[in-house]
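So the structure is just underneath, and the comments pick up after that.
Each chain gets a letter, A, B and so on, in the order the sequences are listed, and its residues count up from 1.
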2 protein chains.
Amino acid sequence: MSDMADFIDTVWIRPSRGKRTGQPTLSREQIIRTAIEMLDADGAAGLSMRRLGSRLGSGATSLYWYVATKDDLLELAVDEVFGEVYVPDPDDTGWRVGASIFANQMRQMLLRHPWVIGQLGVRPNLGPNAMRMGERSVVLLEAGEFDGMALSHASSLLMSHAIGSATIESAFAASVKRSGATVAEMTERLEPYLDQVAADHPHYDKWRHANSVMTQQPEQIMADNFAFGLERLLDGLGAWLATKSA
Amino acid sequence: MSDMADFIDTVWIRPSRGKRTGQPTLSREQIIRTAIEMLDADGAAGLSMRRLGSRLGSGATSLYWYVATKDDLLELAVDEVFGEVYVPDPDDTGWRVGASIFANQMRQMLLRHPWVIGQLGVRPNLGPNAMRMGERSVVLLEAGEFDGMALSHASSLLMSHAIGSATIESAFAASVKRSGATVAEMTERLEPYLDQVAADHPHYDKWRHANSVMTQQPEQIMADNFAFGLERLLDGLGAWLATKSA
DNA sequence: ATCGATCTCGCACACTGTTCGACTGCCGGT
DNA sequence: ACCGGCAGTCGAACAGTGTGCGAGATCGAT
């Protein structure tokens, strides 16, 4: 078991030290919760052990009693927010509506906690909440008669769409937030640069036209973008099911 | 170095040490190139201005003449690798095959440079290569009769799939790389933990079964996973085009 | 010979994650 | 009542980070 820890470096297989009888002032849960608060507020760069410690009224190094490493803390935080993703029961919704709700839940979670996106590619997510989510998505798609490889491929496709879309959306949102300006101001300031780009790329006008509408309703347009892709993708999955059973 | 010049003052030393030929010893392009090399080798955490400087035979702060900030350097590096993405001309391939090639190119670029994934959500990509890629994908989809919002939605859908899939794949690849073991060894070491998880989640066996095959052919399975999703997605886009024109 | 512009870089600052050993207060056992 | 040990906290210290600043080097042009 401990050699396993040497091979796969992940929090979930290491024993937690936090359980005891008295009343310690800190707890792993509390640390994770406030870490998530700070990550939501300031992004991954805004979380330091010292800041987190003093936010909790403790010395920075006290945290290391509950958490082996900052990386572990991040892994724990990621799994914690995976717990926010609700995956419906196919008996309630059918596979297609359920899959749509699942993908939307995942997207919304990622937009609530944009720092998660930067963590997803770093290591596999084997935490209990991520596992639960994976299983429930499998249950969902089994109801749609997916099986074998297609089952895991379809599940992966839904997550990929949520992750990819949220990544793109979050890139835009982050630049708006960092600029400190409103969306309108930012796109306006970007205008001259885009003019210059458009001069070199004649076909770019169409894409730009679509984007310029974003000045007024960015959230709506991004939601539409996600929904459009999701519908095409579910159509494709449905069509595949149809030809398979034929 | 300069004390050596003081001691042995010969013509033979001076020109060799004096890199001065009217050209500066550093250049933005060179900095970006070696930064990408280091990022590919050690990931985002492995790049520091000091290490990059000494790799280039320069002081760390010399880099700041060419690059305002480390963040800027990362932005430049990201756009540089966007230049590796080849987007076909629809006259050569038709929109569907072209879109498939585009998505595959994007995926392969992201797998070659996994650190890019962690950068994508941080800020929008407005560099020249990213712009060129965006325009060429628009040209591609216009050939398929996409227009207006659907045009940008479809383009975004292709990129989302590549980004999302590459994120998931890269998570797995990163853990293999960090463990230092082979894929077989790693999945084997993971087995007991997954057994424990499967006990709590009855439906998980199916997903696990699919993953266990990964022990032998992980690259192939991940490629299949991407290709399956891409085909479903293109089917969905094709179907949408059909109903639109009807 | 002198002046700017271009370029390089050592030093310093504030900050990071993490280790180590010292410290407290509480527990059960004697 | 004592005491050993343990759960928990923390200050100091180390090696490393990004970057501002200003001093210097080297150049072509005057």
The criterion is ring pair (Phe, Tyr, Trp, His ring centres under 6.0 Å); which residues satisfy it with B:Phe226, sequence neighbours excluded? B:His161
Once side-chain hydrogen bond (donor to acceptor under 3.5 Å, both in side chains) is applied, do any residues pair with [X], and if so which ones, sequence neighbours excluded?
{"X": "B:Ser137", "result": "B:Ser155"}
{"X": "A:Arg51", "result": "A:Asp42"}
{"X": "A:Arg112", "result": "A:Glu84"}

Strictly below 4.0 Å: does B:Trp65 bring a side-chain N or O up to OP1 or OP2 of C:dT8? no
Give a yes/no on whether any side-chain N or O of A:Ser62 is located under 4.0 angstrom from OP1 or OP2 of D:dC10.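 Looking at the OP1 and OP2 atoms of D:dC10, one of them is under 4.0 Å from a side-chain N or O of A:Ser62.
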For residues 28-39 of chain B, which residue pairs qualify under side-chain hydrogen bond (donor to acceptor under 3.5 Å, both in side chains), counting only residues two or more places apart or in two chains? B:Glu37-B:Arg55
Strictly below 4.0 Å, heavy-atom distances to any atom of DNA chain C: list the hits from residues 30-39 of chain A, or just say none. none
Distance check needed: [N] [atom2] versus [X] [atom1], whole Å only.
{"X": "A:Leu52", "N": "C:dC15", "atom1": "CG", "atom2": "C1'", "result": "16 Å"}
{"X": "B:Leu26", "N": "D:dA25", "atom1": "CG", "atom2": "C1'", "result": "15 Å"}
{"X": "B:Arg28", "N": "C:dC7", "atom1": "CZ", "atom2": "P", "result": "12 Å"}

In B/S/- notation (B base, S sugar-phosphate only, - none; protein heavy atoms under 4.0 Å), nucleotides 11-21 of chain D written 5' to 3' is BBB---BBBB-
Would you please name every residue forming a salt bridge (charged side-chain N to carboxylate O under 4.0 Å, His left out) with A:Arg178, sequence neighbours left out?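 Partners of A:Arg178 by the salt bridge (charged side-chain N to carboxylate O under 4.0 Å, His left out) criterion, ordered by chain and then number, come out as B:Asp71.
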Identify, with sequence neighbours excluded, every residue that meets side-chain contact (heavy atoms from CB on, under 4.5 Å) alongside B:Val78. B:Phe82, B:Trp115, B:Val116, B:Gln119, B:Asn125
